[in-house]
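If you're wondering where the values come from, they're calculated on a predicted model, not measured in any experiment.
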2 protein chains.
Amino acid sequence: MPRRVDHDERRRELTAALLRIASTRGLQAVSMREVAAEAGVSLRVVQYYFTDKRTLMASGIAELAGRLDRRVRERAAALGTELEPRAVLEVVLGAILPTDDDSRADQLAWTAYYAAGLTTPADAVDGRYAPDALERWLTGVVARAVEEGRVVADADPRIEVVSLLALTNGLVSSVLGQQRTVDDAQAVVRYRLDRLFRPAAG
Amino acid sequence: MPRRVDHDERRRELTAALLRIASTRGLQAVSMREVAAEAGVSLRVVQYYFTDKRTLMASGIAELAGRLDRRVRERAAALGTELEPRAVLEVVLGAILPTDDDSRADQLAWTAYYAAGLTTPADAVDGRYAPDALERWLTGVVARAVEEGRVVADADPRIEVVSLLALTNGLVSSVLGQQRTVDDAQAVVRYRLDRLFRPAAG
DNA sequence: GATCCTGTGGTACGACTGTATCCTAACGTC
DNA sequence: GACGTTAGGATACAGTCGTACCACAGGATC
């Protein structure tokens, strides 16, 4: 059996199996044996490529952070270099919402990790989905819109962005909990953007 | 030993112990033995008052739902019968934010239960913190404010309330994750209310 | 061709889990 | 005072967990 093996590739497969379990049966159902079974390999293989369970779990959150970040970045890049500030916000916030099965699964796993990290700061969220970087970028976008008079003049760019991100976060929760559809959530985001982006008033 | 015992009282103590564990070490750390140890009783006692683990866990989420609901209701009642719509919103939304250690602990436990329920709908959130009832009530408050001209005329009461609740929910997450202080979160809520409640424009 | 390293199967160990069972001390009821 | 019920102590059992260890087959290297 022992061909020469691409370790990174193998780890990716195992991590994907882990995330599949986490998003369907929860982080609690993730054991080394379950990951092995989901990936169709023996327990020993999981042990071999991730010595610890801690290492395995860490790989899961890292992959997840990468995926979510990639989703936002790709959509942002897809809309060209210079688009209206409003379109930027709509696309970026829309990229956070769980619009298809894949992003829904990732958001479920993400939520599980986040909740676990709240009470077990050990394996807490590291990459953290770079909310600060995102927040700063969008704040710049809104600030520019204010200068150009496309937004109510007395709007505070930072707080507007913070509240938009928190709103989106809250909507993600309710969509995952099936108290709301994605379409409803998107409508709420658009409503907020409509009220923010108009030269006249607040 | 066997005095006649108040079962409800005993169950409350055990449930409190469960929630203490859940809010500090996570739902994963909740076992029958741990609850017994936290409450200072033997395993048998936990078995006696909650036959199942399912029953025990269900008691936790029920107590939690009651506490959160009570918090909102108490604060709402404390501000008299007829206060400004804006004050109602500020108080109610403020009651959701984790402002002291107790409410923070409860929100942590709540988040843990919520996340668990997303992937294990079996013991899902039942009472659900009655978000629909809250949503309807606040929508009525905002609708009244619109009629009285205290709010921008073209505001949609329902979507305004939905977005305020989702925003608050998102802020709770970020406060629990210590990416933001409670004061910051309250400031964001006040900012949003400031912009909603002014006769002039949106 | 001998040797070393890499990848994997199999299995075992101790800790912990939920649950079940047996036993008994103190009470209410008669 | 006898007796059934209540409240709980103690222990056992089967299962699962992370981890450790042994064995070994197949390439790479010399």
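Identified under the salt bridge (Lys or Arg N to Asp or Glu O under 4.0 Å) test for residues 98-113 of chain B, with sequence neighbours left out: B:Arg67-B:Asp106, B:Arg71-B:Asp106. Within the structure, the salt bridge (Lys or Arg N to Asp or Glu O under 4.0 Å) test picks out the following pairs touching residues 15-24 of chain B (sequence neighbours left out): B:Arg20-B:Glu38.
Between A:Gly26 and B:Thr119 the shortest heavy-atom distance is CA-OG1, 3.3 Å.
Salt-bridge annotation for A:Arg144 and A:Glu147: absent, with no side-chain N of the basic residue lying under 4.0 Å from a carboxylate O of the acidic one. Under 4.0 Å is where a charged nitrogen must lie from a carboxylate oxygen, and between B:Glu84 and B:Arg86 no such pair does. Using a cutoff of 4.0 Å between basic side-chain nitrogens and carboxylate oxygens, A:Glu135 and A:Arg158 are scored as salt-bridged.
In this structure, B:Gln28 atom CD and C:dG18 atom C1' are separated by 16 Å, rounded to whole Å. Note: CZ (A:Arg33) to C1' (C:dG10) measures 12 Å, nearest angstrom. For the pair B:Met57 CE and C:dT19 C1', the interatomic distance rounds to 16 Å; values are reported in whole Å. Protein atom CG of B:Leu56 is 14 Å distant from nucleotide atom C1' of C:dT19, rounded to whole Å. Computed from coordinates, the A:Arg11 CZ to C:dT6 P distance equals 13 Å when rounded to whole Å.
B:Ile61 contributes atom CD1, which lies 12.5 Å from atom CG of B:Leu56 (distance to the nearest 0.5 angstrom). The distance from atom CG of A:Leu118 to atom CD of B:Gln178, rounded to the nearest 0.5 Å, is 9.0 Å.
Listed in residue order, the members of residues 13-27 of chain B having a heavy atom less than 4.0 Å from DNA chain D come to none. Near DNA chain D, meaning a heavy atom under 4.0 Å from it, residues 37-52 of chain A has A:Leu43, A:Arg44, A:Gln47, A:Asp52 in order of number.
Look at B:His7 and you'll find a side-chain N or O under 4.0 angstrom from OP1 or OP2 of D:dA7. Residue A:Arg10 places at least one side-chain N or O closer than 4.0 Å to OP1 or OP2 of C:dT8.
Every residue meeting the ring-ring contact (aromatic ring centres under 6.0 Å, His included) condition with B:Tyr49, not counting sequence neighbours, appears here in chain and number order: B:His7.
Comparing the helix axis at one end of the helix from C:dG1-D:dC30 to C:dC30-D:dG1 with that at the other, each defined from 5 consecutive pairs, gives an inter-axis angle of 0° (nearest 10°).
The neighbour count for B:Gln47 CD, taken as heavy atoms of other residues, nucleotides or ligands under 6.0 Å away, is above 12. Counting heavy-atom neighbours within 6.0 Å of A:Glu34 CD, excluding the residue itself, gives a total above 12.
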